[in-house]
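Right, one structure below, let's go through it.
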Amino acid sequence: MRAGAGGAADVVRKPRSRAGIEWHGERVDRLDPEVCYRALRTRDARFDGRLFVGVTSTGIYCRPVCPARAARFENCRFFTSAAAAQEAGFRPCLRCRPETAPELATWRGTSNTVSRGLALIADGALDGDASVEALAERLGIGARQLRRLFDQHLGVSPIAVAQTRRVLFAKQLIHDSRLPMAEIASAAGFGSVRRFNETFRQLFRRPPSALRRRAIVALPEGSVAATGVTVRLRYRPPYDWPAMLAYLRARAIDGIEQVIEQLDGERYVRSVAHDGEVGLVEVEHVAERESLAVTIRFPCVRALPAIIARVRRVFDLGADVASIGAHLAKDRLLAPLVARRPGLRVPGGWDGFELAVRAVLGQQVTVEAGRRLAIQLVRACGAALPAQRGRSSVAHVFPSAAQVAAADLSRLGMPRARRHALGALAEAALAEPRLFEPLATVEDTVARLCAIRGIGEWTAHYIALRAAREPDAFPASDVGLLRSAADRKGVRPSAAELAARAERWRPWRAYAAQHLWAADSEPLTGALR
Ligand SMILES: [Zn+2]
């Protein structure tokens, strides 16, 4: 069982690498005030998202890039998260808007449990009636231990993280959307409009509506399903958007998702199912603002945080690729690849079950053949979107585990053994809805997946990499990886040799894999091998 596993691993495991702590030669875990103040004085964008400054004379906290004049050194207090600044009694600045800072997940990566806890909180795990005890149980540890880990790694409690998220997300919706206040309260996970108003009055000394620009006229309640809400999600540059789109385009399942060409660039559109409702998500790159613009058309605003969390996962928005790249580039094999694609991200799966199905369909066939099988599967058992919600090109949702389990798969053009694997996967997902969430270590996650009939080591690592978002997953036996890791004479390593070499790429082996795959999919240039 998973109970206890997460906690034990956190206690005994030393950080595998300092990559997540040391960064651009500056150590930020200890928050050296001199370094922090220098970042503030120079408005150093590299610190955006990992450093927040609270000013004791004003009671306001800012991003390091705030256009306001820097406060005096003795009035500054420094924090590594907005939640910590807020818990210390500071309120968010209305000029630099801390809610728009890039949200970095992986650099806090010394504790898997904390990272997973943050991801679950982002999904709404502490909204409504949910308790820290229930969250801790999902993570396989006790509530006290969870609080201790949060305090140790983030300097705040899980509740404070959730509370800050709610306030900042609500503030973003007030500024950027036309949602009515009652729906913002609901979307941000406040139990009631009264709680929402109280929290804002306490924090900003005015009601939430006073924070909204006059030019913004709220829409009638319930109209979001048709008009959509657009939010901007910032990332830490660089971001290789063409590589991300190319990945998605090559695997796009007709009817479910599409990359649409338009005059000013391309955007990605897909259908989304959540808690029995269905809708549509569109994602565009806004390079000059270092962000993605995400438009969500969904009947229920409560689903917004969970949908946004998925977008973050799919587009790998939380990665600090500069730090990861610096770590990987220490290896001769990877250095030229990282130099060539400094902004490369690891695309994630939209949904655990969907991704696992894709992995099984892709076993031992090309990407294109796997894609065609997925299209067949959607035609056989995917549900149609209501006409007013879909588009002509995206009109279906990916089938659920129950639909796949009940479907006649004999018409799919693939070997019987793989059809059985698909059925076993659907049964396993029905029996354990959290099957695709990460466990304490990547090894635990892989072992649980390998217990499913028809899922081998390669598939399990692939699912861990894309669905569980394990930054250290590495399917060492992958043909593309072996080909890409060949020496100058073209001699490929064995899977065991590649796995041995990859030890030094920890804890970012998934990023190494992505770089190797990217290099493999382009014409050989010789010099790079
Ligand atoms: Zn500010």
Side-chain angles (χ1 to χ4, degrees), residues 23-24 26 28 31-105 107-108 154-156 160-177 184 188 196 199-216 231-237 286 288-293 317-318 320:
W23 164 80
H24 292 297
E26 312 268 29
V28 291
L31 285 187
D32 178 342
E34 303 277 343
V35 172
C36 292
Y37 194 66
R38 201 159 60 230
L40 187 66
R41 288 290 300 268
T42 55
R43 301 204 174 101
D44 191 335
R46 294 176 312 164
F47 284 80
D48 196 15
R50 57 176 74 231
L51 177 67
F52 296 86
V53 55
V55 180
T56 52
S57 50
T58 60
I60 287 171
Y61 75 93
C62 286
R63 294 157 63 194
V65 295
C66 186
R69 202 160 59 91
R72 298 154 67 96
F73 179 72
E74 57 271 27
N75 291 339
C76 291
R77 285 187 59 198
F78 300 101
F79 304 93
T80 50
S81 69
Q86 215 151 297
E87 196 171 53
F90 295 96
R91 62 182 188 280
C93 172
L94 295 175
R95 284 189 72 181
C96 62
R97 302 180 54 197
E99 71 272 19
T100 64
E103 204 170 295
L104 301 169
W107 73 281
R108 298 176 173 129
L154 306 172
V156 282
V161 169
Q163 167 82 353
T164 305
R165 283 198 73 86
R166 279 196 283 275
V167 168
L168 294 184
F169 184 51
K171 195 159 163 291
Q172 185 173 17
L173 291 176
I174 291 170
H175 283 286
D176 296 344
S177 83
I184 291 178
F196 173 55
T199 305
F200 269 72
R201 275 186 191 281
Q202 207 174 25
L203 208 55
F204 298 100
R205 297 173 199 151
R206 57 191 117 169
S209 54
L211 294 173
R212 184 164 253 178
R213 280 181 289 127
R214 280 209 197 96
I216 298 180
V231 287
R232 281 220 173 76
L233 307 179
R234 199 181 295 251
Y235 56 77
R236 264 188 70 79
V286 191
E288 67 278 12
R289 300 183 70 162
E290 294 169 353
S291 54
L292 301 186
L317 288 175
D320 180 0

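Order of listing sets the numbers, starting from 1, for every ligand and every atom in it.
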Side-chain ([X]) to main-chain ([Y]) donor-acceptor, under 3.5 angstrom:
X: R43; Y: P67; value: yes
X: R63; Y: G49; value: no
X: S291; Y: R289; value: yes

Listing residue and atom name, which protein N/O/S atoms are closer to the Zn ion (ligand 1) than 2.8 Å?
C62 SG, C66 SG, C93 SG, C96 SG
With sequence neighbours excluded, what pairs up with Y37 under the ring pair (Phe, Tyr, Trp, His ring centres under 6.0 Å) test?
F73
Acceptor/donor pairs from residues 83-98 side chains to any protein atom, 3.5 angstrom cut, sequence neighbours excluded:
{"from": "Q86", "atom 1": "OE1", "to": "Y61", "atom 2": "OH", "distance (Å)": "2.6"}
{"from": "E87", "atom 1": "OE2", "to": "S157", "atom 2": "OG", "distance (Å)": "3.4"}
{"from": "R97", "atom 1": "NE", "to": "E99", "atom 2": "OE2", "distance (Å)": "2.9"}
{"from": "R97", "atom 1": "NH2", "to": "E99", "atom 2": "OE2", "distance (Å)": "3.4"}

Can you name the residues that form a side chain to side chain contact (heavy atoms under 4.5 Å, CB included) with T58, not counting sequence neighbours?
V55, I60
